[in-house]
Amino acid sequence: MWKIRDVEISNQIVVAPMAGISNAAFRSICKQFNAGLICAEMVSDKAIYYKNERTLKMIEVLEEEHPMSLQVFGYDIDTMVNAAKVLDTQTNCDIIDINMGCPVNKVIKAKAGSYLMCEEDHAQAIVEAIVKVVKKPVSVKIRAGWDVDSINAVSLARKIEQAGASAIAVHGRTRSQMYEGKADWSIIKEVKEAVSIPVIGNGDVKSVADMHAMLNQTGCDAVMIGRGILGNPFLIKECVDSLVNHDEKNEVTYEDKFNLVKSHAKKLVALKGEDIGMKEMRGHATWYIKGMPSSHLPKGKLSKVNTYEELETILDAYALQVKEFQDTK
(Lines give C-alpha, C1' and ligand atoms only; values in the text may rest on other atoms or scores of the structure.)
Protein backbone atom coordinates (compact mmCIF):
# COMPACT_ATOMS: atom_id res chain seq x y z
CA MET A 1 0.00 0.00 0.00
CA TRP A 2 1.26 3.46 -0.92
CA LYS A 3 -0.37 6.84 -1.58
CA ILE A 4 -0.46 9.71 -4.02
CA ARG A 5 -1.52 12.37 -1.54
CA ASP A 6 -4.83 10.97 -0.18
CA VAL A 7 -5.35 8.32 -2.88
CA GLU A 8 -4.52 4.87 -1.52
CA ILE A 9 -2.98 2.45 -4.02
CA SER A 10 -2.98 -1.25 -3.11
CA ASN A 11 0.27 -2.27 -4.80
CA GLN A 12 3.30 -0.85 -6.63
CA ILE A 13 2.29 -1.79 -10.17
CA VAL A 14 1.15 1.14 -12.31
CA VAL A 15 -0.09 0.71 -15.89
CA ALA A 16 1.34 3.36 -18.22
CA PRO A 17 -0.89 5.57 -20.37
CA MET A 18 -0.49 4.33 -23.96
CA ALA A 19 -2.01 6.27 -26.86
CA GLY A 20 -4.45 4.19 -28.89
CA ILE A 21 -4.23 1.34 -26.38
CA SER A 22 -5.25 2.36 -22.85
CA ASN A 23 -8.99 2.54 -23.52
CA ALA A 24 -11.69 1.12 -21.22
CA ALA A 25 -11.43 -2.37 -22.76
CA PHE A 26 -7.68 -2.63 -22.14
CA ARG A 27 -7.96 -1.00 -18.72
CA SER A 28 -10.58 -3.50 -17.55
CA ILE A 29 -8.16 -6.33 -18.37
CA CYS A 30 -5.39 -4.58 -16.41
CA LYS A 31 -7.77 -4.25 -13.47
CA GLN A 32 -8.72 -7.92 -13.78
CA PHE A 33 -5.02 -8.71 -13.23
CA ASN A 34 -4.97 -6.45 -10.16
CA ALA A 35 -2.94 -3.40 -11.28
CA GLY A 36 -2.56 -0.96 -8.39
CA LEU A 37 -3.10 2.18 -10.49
CA ILE A 38 -4.20 2.53 -14.11
CA CYS A 39 -3.53 5.56 -16.30
CA ALA A 40 -5.78 6.23 -19.27
CA GLU A 41 -4.42 7.26 -22.67
CA MET A 42 -3.61 10.97 -22.93
CA VAL A 43 -6.19 13.47 -24.14
CA SER A 44 -5.69 16.94 -25.60
CA ASP A 45 -6.49 20.03 -23.54
CA LYS A 46 -7.84 21.69 -26.68
CA ALA A 47 -10.12 18.74 -27.43
CA ILE A 48 -11.60 19.03 -23.93
CA TYR A 49 -11.94 22.80 -24.32
CA TYR A 50 -13.86 22.40 -27.59
CA LYS A 51 -15.91 19.53 -26.11
CA ASN A 52 -14.82 17.02 -28.72
CA GLU A 53 -17.27 14.13 -28.45
CA ARG A 54 -14.70 11.35 -28.90
CA THR A 55 -12.42 12.91 -26.26
CA LEU A 56 -15.25 13.31 -23.75
CA LYS A 57 -16.00 9.61 -24.21
CA MET A 58 -12.34 8.80 -23.54
CA ILE A 59 -12.41 10.48 -20.11
CA GLU A 60 -15.32 8.44 -18.78
CA VAL A 61 -14.23 6.41 -15.76
CA LEU A 62 -16.05 3.25 -14.70
CA GLU A 63 -16.66 2.48 -11.03
CA GLU A 64 -14.49 -0.66 -11.11
CA GLU A 65 -11.46 1.24 -12.47
CA HIS A 66 -10.49 3.04 -9.26
CA PRO A 67 -7.90 4.21 -8.48
CA MET A 68 -7.62 5.77 -11.90
CA SER A 69 -5.52 8.55 -13.43
CA LEU A 70 -6.55 10.65 -16.44
CA GLN A 71 -3.74 12.26 -18.42
CA VAL A 72 -3.88 15.57 -20.32
CA PHE A 73 -1.34 17.15 -22.67
CA GLY A 74 -0.99 20.73 -23.90
CA TYR A 75 1.10 23.91 -23.71
CA ASP A 76 -1.22 26.87 -23.14
CA ILE A 77 -1.83 27.49 -19.45
CA ASP A 78 -5.45 28.65 -19.91
CA THR A 79 -6.60 25.59 -21.84
CA MET A 80 -4.60 23.22 -19.61
CA VAL A 81 -6.28 24.73 -16.56
CA ASN A 82 -9.68 24.45 -18.22
CA ALA A 83 -9.04 20.79 -19.08
CA ALA A 84 -7.86 20.04 -15.54
CA LYS A 85 -11.01 21.62 -14.10
CA VAL A 86 -13.13 19.37 -16.32
CA LEU A 87 -11.19 16.29 -15.18
CA ASP A 88 -11.53 17.48 -11.58
CA THR A 89 -15.24 18.24 -11.49
CA GLN A 90 -16.83 16.38 -14.40
CA THR A 91 -15.09 13.01 -14.32
CA ASN A 92 -14.76 10.23 -11.80
CA CYS A 93 -10.94 10.02 -11.97
CA ASP A 94 -8.83 9.99 -8.79
CA ILE A 95 -5.67 11.67 -10.10
CA ILE A 96 -5.00 14.26 -12.83
CA ASP A 97 -1.77 13.57 -14.70
CA ILE A 98 0.11 16.06 -16.89
CA ASN A 99 2.02 14.62 -19.84
CA MET A 100 5.53 16.02 -20.21
CA GLY A 101 6.97 12.85 -21.68
CA CYS A 102 5.30 12.02 -24.99
CA PRO A 103 7.98 12.12 -27.73
CA VAL A 104 5.86 11.91 -30.91
CA ASN A 105 6.23 14.69 -33.50
CA LYS A 106 2.56 15.65 -33.58
CA VAL A 107 2.62 16.41 -29.83
CA ILE A 108 6.05 18.09 -29.95
CA LYS A 109 4.86 20.43 -32.74
CA ALA A 110 2.12 21.61 -30.38
CA LYS A 111 4.88 22.39 -27.82
CA ALA A 112 3.40 19.71 -25.54
CA GLY A 113 4.61 16.38 -24.15
CA SER A 114 8.40 16.15 -23.77
CA TYR A 115 8.83 19.55 -25.46
CA LEU A 116 7.91 21.03 -22.07
CA MET A 117 11.17 19.65 -20.67
CA CYS A 118 12.88 22.36 -22.76
CA GLU A 119 10.90 25.08 -20.95
CA GLU A 120 11.20 24.21 -17.26
CA ASP A 121 9.73 27.48 -15.95
CA HIS A 122 6.69 27.21 -18.24
CA ALA A 123 6.26 23.56 -17.24
CA GLN A 124 6.36 24.60 -13.59
CA ALA A 125 3.83 27.39 -14.25
CA ILE A 126 1.39 24.89 -15.83
CA VAL A 127 1.59 22.58 -12.80
CA GLU A 128 1.25 25.49 -10.37
CA ALA A 129 -1.80 26.92 -12.17
CA ILE A 130 -3.53 23.53 -12.25
CA VAL A 131 -2.77 22.62 -8.63
CA LYS A 132 -4.31 25.94 -7.52
CA VAL A 133 -7.72 25.23 -9.08
CA VAL A 134 -8.28 21.48 -8.64
CA LYS A 135 -9.07 19.39 -5.58
CA LYS A 136 -7.70 16.09 -6.89
CA PRO A 137 -3.99 15.25 -6.64
CA VAL A 138 -1.88 16.20 -9.66
CA SER A 139 0.95 14.04 -10.99
CA VAL A 140 3.37 14.66 -13.87
CA LYS A 141 5.06 12.23 -16.27
CA ILE A 142 8.48 13.30 -17.55
CA ARG A 143 11.48 11.83 -19.39
CA ALA A 144 15.19 11.91 -18.62
CA GLY A 145 15.51 15.03 -20.80
CA TRP A 146 15.32 16.19 -24.40
CA ASP A 147 18.53 14.51 -25.55
CA VAL A 148 21.81 13.22 -24.15
CA ASP A 149 23.14 16.79 -23.87
CA SER A 150 20.16 18.06 -21.87
CA ILE A 151 19.39 15.55 -19.12
CA ASN A 152 17.32 17.72 -16.78
CA ALA A 153 14.86 15.34 -15.09
CA VAL A 154 16.18 16.23 -11.62
CA SER A 155 15.90 20.02 -11.97
CA LEU A 156 12.46 19.76 -13.58
CA ALA A 157 11.28 17.29 -10.91
CA ARG A 158 12.27 19.75 -8.18
CA LYS A 159 10.28 22.52 -9.88
CA ILE A 160 7.30 20.21 -10.35
CA GLU A 161 7.39 19.38 -6.62
CA GLN A 162 7.66 23.09 -5.73
CA ALA A 163 4.63 23.73 -7.95
CA GLY A 164 2.55 21.40 -5.76
CA ALA A 165 2.46 18.11 -7.69
CA SER A 166 1.77 15.02 -5.60
CA ALA A 167 3.80 12.48 -7.63
CA ILE A 168 6.19 12.21 -10.58
CA ALA A 169 6.64 9.38 -13.09
CA VAL A 170 10.04 9.25 -14.78
CA HIS A 171 10.75 7.43 -18.05
CA GLY A 172 14.49 6.79 -18.17
CA ARG A 173 14.84 7.68 -21.88
CA THR A 174 15.34 11.06 -23.52
CA ARG A 175 12.94 12.45 -26.10
CA SER A 176 15.47 11.87 -28.87
CA GLN A 177 15.66 8.17 -27.95
CA MET A 178 11.90 7.85 -28.47
CA TYR A 179 11.37 4.18 -27.44
CA GLU A 180 14.74 2.94 -28.69
CA GLY A 181 17.93 2.11 -26.83
CA LYS A 182 18.05 1.46 -23.11
CA ALA A 183 16.28 3.33 -20.33
CA ASP A 184 18.71 4.87 -17.84
CA TRP A 185 17.39 3.90 -14.42
CA SER A 186 20.10 5.93 -12.63
CA ILE A 187 18.12 9.06 -13.58
CA ILE A 188 15.03 7.66 -11.83
CA LYS A 189 17.21 7.09 -8.74
CA GLU A 190 18.51 10.68 -8.90
CA VAL A 191 14.96 12.07 -9.11
CA LYS A 192 13.86 9.88 -6.18
CA GLU A 193 16.74 11.25 -4.09
CA ALA A 194 15.97 14.85 -5.11
CA VAL A 195 12.26 15.05 -4.20
CA SER A 196 10.08 13.98 -1.30
CA ILE A 197 6.90 13.14 -3.25
CA PRO A 198 6.38 9.61 -4.66
CA VAL A 199 8.40 8.73 -7.76
CA ILE A 200 7.19 6.13 -10.24
CA GLY A 201 9.89 4.48 -12.37
CA ASN A 202 9.22 3.72 -16.04
CA GLY A 203 11.16 2.09 -18.88
CA ASP A 204 12.26 -1.43 -19.87
CA VAL A 205 10.26 -3.42 -17.32
CA LYS A 206 9.34 -6.61 -19.17
CA SER A 207 9.52 -9.24 -16.43
CA VAL A 208 9.12 -9.79 -12.68
CA ALA A 209 12.92 -9.70 -12.39
CA ASP A 210 13.01 -6.30 -14.15
CA MET A 211 10.42 -4.94 -11.73
CA HIS A 212 12.40 -6.04 -8.66
CA ALA A 213 15.61 -4.71 -10.22
CA MET A 214 14.06 -1.29 -10.83
CA LEU A 215 12.70 -1.06 -7.28
CA ASN A 216 16.05 -2.13 -5.81
CA GLN A 217 18.27 -0.01 -8.05
CA THR A 218 16.26 3.22 -7.94
CA GLY A 219 14.37 3.15 -4.64
CA CYS A 220 11.29 4.34 -6.56
CA ASP A 221 7.88 4.05 -4.90
CA ALA A 222 6.21 2.18 -7.76
CA VAL A 223 6.94 0.70 -11.17
CA MET A 224 5.10 1.77 -14.30
CA ILE A 225 4.78 -0.87 -17.02
CA GLY A 226 3.75 -0.04 -20.59
CA ARG A 227 4.94 -1.95 -23.63
CA GLY A 228 5.95 -4.90 -21.43
CA ILE A 229 2.30 -5.85 -20.96
CA LEU A 230 1.23 -5.60 -24.62
CA GLY A 231 0.09 -9.12 -25.42
CA ASN A 232 1.11 -10.12 -21.89
CA PRO A 233 -1.11 -8.47 -19.25
CA PHE A 234 -0.47 -11.64 -17.23
CA LEU A 235 2.76 -9.89 -16.23
CA ILE A 236 0.73 -7.49 -14.06
CA LYS A 237 -0.55 -10.36 -11.89
CA GLU A 238 2.86 -12.01 -11.80
CA CYS A 239 4.43 -8.77 -10.53
CA VAL A 240 1.69 -8.16 -7.96
CA ASP A 241 1.84 -11.76 -6.72
CA SER A 242 5.61 -11.54 -6.43
CA LEU A 243 5.39 -8.30 -4.42
CA VAL A 244 2.36 -9.04 -2.26
CA ASN A 245 2.35 -12.82 -1.82
CA HIS A 246 5.96 -13.58 -2.80
CA ASP A 247 4.59 -16.16 -5.22
CA GLU A 248 6.68 -17.70 -7.93
CA LYS A 249 5.75 -17.08 -11.57
CA ASN A 250 2.37 -18.51 -12.59
CA GLU A 251 2.35 -20.70 -15.66
CA VAL A 252 0.29 -19.11 -18.44
CA THR A 253 -1.14 -21.71 -20.84
CA TYR A 254 -1.98 -21.14 -24.49
CA GLU A 255 -5.65 -21.62 -23.52
CA ASP A 256 -5.30 -18.74 -21.03
CA LYS A 257 -3.85 -16.55 -23.78
CA PHE A 258 -6.46 -17.43 -26.39
CA ASN A 259 -9.33 -16.93 -23.93
CA LEU A 260 -7.95 -13.52 -23.05
CA VAL A 261 -7.62 -12.53 -26.72
CA LYS A 262 -11.31 -13.39 -27.23
CA SER A 263 -12.34 -11.54 -24.07
CA HIS A 264 -10.32 -8.46 -25.09
CA ALA A 265 -11.88 -8.52 -28.56
CA LYS A 266 -15.42 -8.73 -27.13
CA LYS A 267 -14.71 -5.78 -24.83
CA LEU A 268 -13.34 -3.69 -27.73
CA VAL A 269 -16.36 -4.53 -29.92
CA ALA A 270 -18.72 -3.55 -27.08
CA LEU A 271 -16.80 -0.28 -26.61
CA LYS A 272 -16.26 0.79 -30.22
CA GLY A 273 -18.44 -1.40 -32.43
CA GLU A 274 -17.23 -4.34 -34.50
CA ASP A 275 -15.73 -2.35 -37.38
CA ILE A 276 -13.42 -0.10 -35.32
CA GLY A 277 -13.03 -2.56 -32.45
CA MET A 278 -11.75 -5.38 -34.62
CA LYS A 279 -9.38 -3.11 -36.54
CA GLU A 280 -7.87 -2.04 -33.21
CA MET A 281 -7.78 -5.67 -32.08
CA ARG A 282 -5.51 -6.68 -34.97
CA GLY A 283 -2.36 -5.40 -33.27
CA HIS A 284 -3.33 -6.76 -29.85
CA ALA A 285 -4.11 -10.23 -31.25
CA THR A 286 -0.70 -10.52 -32.91
CA TRP A 287 1.05 -9.34 -29.72
CA TYR A 288 -0.76 -12.01 -27.70
CA ILE A 289 0.55 -14.90 -29.82
CA LYS A 290 4.05 -13.50 -30.46
CA GLY A 291 6.71 -16.10 -29.74
CA MET A 292 4.31 -19.03 -29.83
CA PRO A 293 5.12 -22.02 -32.08
CA SER A 294 4.39 -21.61 -35.82
CA SER A 295 2.71 -18.25 -35.17
CA HIS A 296 3.79 -16.57 -38.42
CA LEU A 297 0.75 -17.65 -40.46
CA PRO A 298 -1.96 -16.98 -37.82
CA LYS A 299 -0.33 -13.60 -37.04
CA GLY A 300 -0.68 -12.66 -40.71
CA LYS A 301 -4.34 -13.66 -40.69
CA LEU A 302 -5.08 -11.90 -37.38
CA SER A 303 -3.53 -8.68 -38.70
CA LYS A 304 -6.35 -8.51 -41.27
CA VAL A 305 -9.45 -9.57 -39.28
CA ASN A 306 -12.65 -7.55 -39.69
CA THR A 307 -15.09 -9.51 -37.54
CA TYR A 308 -15.06 -11.21 -34.15
CA GLU A 309 -16.15 -14.45 -35.82
CA GLU A 310 -13.05 -14.39 -38.06
CA LEU A 311 -10.79 -13.89 -35.05
CA GLU A 312 -12.39 -16.79 -33.18
CA THR A 313 -12.09 -19.11 -36.19
CA ILE A 314 -8.38 -18.30 -36.66
CA LEU A 315 -7.63 -18.75 -32.95
CA ASP A 316 -9.52 -22.03 -32.64
CA ALA A 317 -7.68 -23.49 -35.65
CA TYR A 318 -4.35 -22.27 -34.29
CA ALA A 319 -5.15 -23.68 -30.82
CA LEU A 320 -5.39 -27.16 -32.36
CA GLN A 321 -1.98 -26.63 -33.97
CA VAL A 322 -0.41 -25.52 -30.66
CA LYS A 323 -1.96 -28.47 -28.80
CA GLU A 324 -0.60 -30.85 -31.42
CA PHE A 325 2.84 -29.21 -31.13
CA GLN A 326 2.81 -29.58 -27.33
CA ASP A 327 1.56 -33.18 -27.44
CA THR A 328 4.47 -34.19 -29.69
CA LYS A 329 7.14 -32.55 -27.52
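There is a path of hydrophobic side-chain contacts, each under 4.5 Å, that joins Val261 to Met18. At a threshold of 4.5 Å between side-chain heavy atoms, the hydrophobic network of Ile, Leu, Val, Met, Phe, Trp and Tyr places Phe258 and Leu235 in one connected group. Under a hydrophobic-cluster definition in which Ile, Leu, Val, Met, Phe, Trp and Tyr are linked whenever side-chain heavy atoms come within less than 4.5 Å, directly or via other members, Trp2 and Ile168 are assigned to different clusters. Cluster annotation: Ile77 is not connected to Val107 through the hydrophobic network of ILVMFWY side chains, with a link wherever side-chain heavy atoms come within less than 4.5 Å. Hydrophobic clustering keeps Ile200 apart from Ile188 (ILVMFWY residues linked when any side-chain heavy atoms are closer than 4.5 Å, directly or through intermediates).
A donor-acceptor contact under 3.5 angstrom links the side chains of Ser139 and Asp97, judged on distance only. No hydrogens or angles considered: nothing links the side chains of Lys206 and Asn232 as a donor-acceptor pair under 3.5 Å. Side chains of Thr79 and Asp45: a donor on one and an acceptor on the other come within 3.5 Å. Glu65 and Ser28 form no side-chain donor-acceptor contact under 3.5 Å, judged by distance and modelled atom types alone. A donor atom on one side chain and an acceptor atom on the other are not found under 3.5 Å apart for Gln321 and Ser294. Counted by atom type alone, Asn152 and Ser155 present zero donor-acceptor pairs between their side chains at under 3.5 Å.
Few gaps surround CD on Glu255; more than 12 heavy atoms of other groups in view lie less than 6.0 Å from it. Shown here is Tyr254, whose OH atom has more than 12 heavy atoms of other residues, nucleotides or ligands within 6.0 Å. The environment of NZ in Lys85 is sparse: at most 12 heavy-atom neighbours from other residues, nucleotides or ligands sit within 6.0 Å.
Taking the side chain as every heavy atom from C-beta outward, Lys237 and Gln32 never approach each other to under 4.5 Å. Proximity of Lys57 to Arg54: side-chain heavy atoms (C-beta onward) are nowhere separated by under 4.5 Å. Under the 4.5 Å side-chain criterion, counting only non-hydrogen atoms from C-beta, Leu56 is in contact with Ile59. In this structure, the side chains of Leu37 and Ile4 come closer than 4.5 Å at one or more pairs of heavy atoms. Residues Ser166 and Val138 form no side-chain contact, since every pair of their non-hydrogen atoms from C-beta on lies 4.5 Å or further apart.
Here the straight-line distance linking atom CD of Glu238 with atom CD1 of Ile13 works out to 11.0 Å at 0.5 Å rounding. With rounding to the nearest 0.5 Å, the separation of CD in Gln177 from CG in Asp184 is 8.0 Å. Distance check, rounded to the nearest 0.5 Å: CZ of Arg27 to CG of Leu271 gives 8.5 Å. Taking CE from Met214 and CE from Met224, the interatomic distance works out to 10.5 Å, rounded to the nearest 0.5 Å.
A salt bridge links Lys189 with Glu193: the closest approach of a Lys/Arg side-chain nitrogen to an acidic carboxylate oxygen falls below 4.0 angstrom. The residues Lys31 and Glu64 are annotated as not salt-bridged, no charged nitrogen and carboxylate oxygen being separated by less than 4.0 angstrom. Arg173 and Asp147 are not joined by a salt bridge, as no carboxylate oxygen comes within less than 4.0 angstrom of a charged side-chain nitrogen.
A donor-acceptor pair under 3.5 Å is absent between the side-chain atoms of Asp76 and the main chain of Asp78, judged by distance alone. Looking only at distances, a side-chain donor or acceptor of Arg175 sits under 3.5 Å from a matching main-chain atom of Pro103. Put simply, the side chain of Ser114 gets close to the backbone of Cys102: a donor and an acceptor are under 3.5 Å apart.
Val7 and Pro67 get closest at one heavy-atom pair: CG1-CB, 3.8 Å.
Judged by the 6.0 Å distance and 45° axis criteria, Arg282 is not positioned over the aromatic ring of Tyr288.
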